[in-house]
Amino acid sequence: MTPTLMTILEFPDARLRTKAAPIKNVSDAIATLADRMLATMYEAPGIGLAATQVNVHQRLLVCDVSEDKSAPLVLINPKIVEGHGSTETQEGCLSVPGFYETVVRPEQILVEAVNRAGEPFQLEADGLLAVCIQHEIDHLDGKLFVDYLSPTKRQMIRKKLLKLQKLNA
Ligand code: QAP
Ligand code: CO
């Protein structure tokens with residue numbers, strides 16, 4: 001059975017600025033939410049999606065940086081406990097469609113989280129996965145990759161997206 005797809009909020013929607021709350025109990029509803037988010041991400045297609053982007057303000061993100069959808073990850077209450085090095089990546093975002101800009105972040109991270117079965121785990125990530133997890137945790141804190149750009153660039157993106165959103169409304 002195919003999970004029901006969810007609507008993705010787009011910048012500059014104010015709801016993307018909400019700080020998500022910790023998940024106290026990994027219920028069946030949370031596991032179902034994770035499955036719907038993965039389906040929504042794959043359909044887009046994207047490599048990462050945070051609950052904030054589907055207007056659910058709880059600390060859950062999904063990602064899969066594999067070529068063939070073979071490595072879905074669900075991170076509940078994710079926390080970066082170590083970060084090392086620095087890397088520049090052309091980032092995009094399902095909530096900022098059509099725009100890609102370079103962002104600098106730690107290259108390697110150690111993350112603690114809970115999985116969809118409710119079990120705590122640690123994950124050492126580098127490369128695209130490390131960048132993706134950091135980008136998605138930012139969403140849970142109400143932060144977008146455009147916040148790392150100059151105010152001029154961010155304003156240009158904002159105006160272009162608002163115009164497209166009005167045309168498509
Ligand atoms: C975050 O982003 C990310 O503009 C995930 O028109 C992206 O899945 C982390 C997408 C890059 C690190 C590097 C973007 C799809 C997907 C678009 C995504 C678009 C269609 C973005
Ligand atoms: Co994003």
Side-chain angles (χ1 to χ4, degrees), residues 3 5-20 33-80 83-111 113 123-150 153-169:
L5 300 182
M6 303 179 83
T7 303
I8 299 174
L9 302 177
E10 291 188 4
F11 179 68
D13 193 309
R15 293 171 290 183
L16 288 168
R17 298 312 188 173
T18 311
K19 185 169 169 68
L33 171 64
D35 292 342
R36 292 181 69 196
M37 285 174 54
L38 278 166
T40 301
M41 177 188 81
Y42 286 135
E43 204 269 338
I47 60 169
L49 185 68
T52 309
Q53 293 176 275
V54 292
N55 200 28
V56 174
H57 302 289
Q58 304 194 61
R59 302 191 77 80
L60 188 157
L61 67 86
V62 298
C63 60
D64 186 342
V65 299
S66 71
E67 296 278 327
D68 56 354
K69 310 181 176 186
S70 62
L73 279 174
V74 176
L75 275 70
I76 295 165
N77 299 337
K79 198 181 157 174
I80 295 171
H84 301 282
S86 174
T87 188
E88 279 186 20
T89 311
Q90 279 276 120
E91 294 191 17
C93 180
L94 288 169
S95 295
V96 191
F99 295 88
Y100 301 85
E101 295 288 345
T102 302
V103 177
V104 180
R105 300 183 188 271
E107 182 169 36
Q108 267 198 320
I109 54 171
L110 177 63
V111 192
L123 176 66
E124 272 190 345
D126 61 16
L128 187 58
L129 180 60
V131 172
C132 193
I133 290 171
Q134 293 175 79
H135 173 116
E136 302 310 332
I137 291 176
D138 273 355
H139 278 299
L140 301 178
D141 292 322
K143 185 158 183 153
L144 298 168
F145 86 91
V146 296
D147 299 344
Y148 295 99
L149 310 179
S150 69
K153 232 174 211 179
R154 184 166 53 254
Q155 184 71 356
M156 182 207 70
I157 293 171
R158 184 180 166 278
K159 282 172 78 176
K160 288 187 179 172
L161 276 176
L162 277 173
K163 193 168 173 178
L164 282 171
Q165 288 159 19
K166 271 160 199 156
L167 282 172
N168 294 323

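Atoms within each ligand, like the ligands themselves, are counted from 1 in listed order. Position 1 is the first residue of the sequence, and the numbers go up from there. All values below come from the heavy atoms of this structure, side chains included, with hydrogens, waters and symmetry mates left out.
For the residue pair T102 and E88, no side-chain donor N or O sits within less than 3.5 Å of a side-chain acceptor on the partner. Neither side chain, S86 nor E107, offers a donor N or O lying under 3.5 Å from an acceptor on the other.
With a heavy-atom cut-off of 4.0 Å, L49 does not touch ligand 1 at all.
Taking all atoms of both residues into account, the shortest heavy-atom contact from L94 to G46 is CD1-CA, 4.3 Å. Contact record, Q58 with A51: O-CB, 3.4 Å, taken as the closest heavy-atom pair. In this structure, V96 and V146 approach most closely via the heavy-atom pair CG1-CG1, 4.0 Å. The two residues R59 and K19 make their nearest non-hydrogen contact at NH1-NZ, 3.7 Å.
Checking side-chain atoms of T40 against main-chain N and O of M6 turns up a donor-acceptor pair under 3.5 Å. The backbone N or O of G142 sits less than 3.5 Å from a side-chain atom of R17, completing a donor-acceptor pair.
Under a 4.0 angstrom heavy-atom cut-off, F145 registers as lying outside contact with ligand 1. In this structure, A44 does not count as a contact residue of ligand 1, since none of its heavy atoms falls inside 4.0 Å of the ligand. Ligand 1 lies less than 4.0 angstrom from a heavy atom belonging to P45. The closest approach between M41 and ligand 1 stays at or above 4.0 Å for every heavy atom of the residue.
Selection from G92, A50, G98 by nearest heavy atom to atom 4 (O) of ligand 1 gives G98. The nearest non-hydrogen atom to atom 8 (O) of ligand 1, considering only I47, D64, I8, comes from I47.
Inside a sphere of radius 2.8 Å centred on the Co ion (ligand 2), the protein N/O/S atoms present are C93 SG, H135 NE2, H139 NE2.
A salt bridge links D13 to R15: one of the charged nitrogens lies within less than 4.0 Å of a carboxylate oxygen. With respect to D64 and K69, no salt bridge is recorded, no charged nitrogen being found less than 4.0 Å from a carboxylate O.
Atom 13 (C) of ligand 1 has its closest protein heavy atom at L128 CD1, 3.8 Å.
Atoms of ligand 1 found under 4.0 Å from any heavy atom of H135 (numbered from 1 in listed order, with element): 1 (C). Residue V131 approaches ligand 1 through these ligand atoms, each under 4.0 Å from one of its heavy atoms: 12 (C). Close contacts between ligand 1 and L94 involve ligand atoms 10 (C), 15 (C), 16 (C), 21 (C) [criterion: under 4.0 Å to a heavy atom].
Annotation: cation-pi geometry not satisfied between K153 and F99 (NZ/CZ under 6.0 angstrom from ring centroid, within 45° of ring axis).
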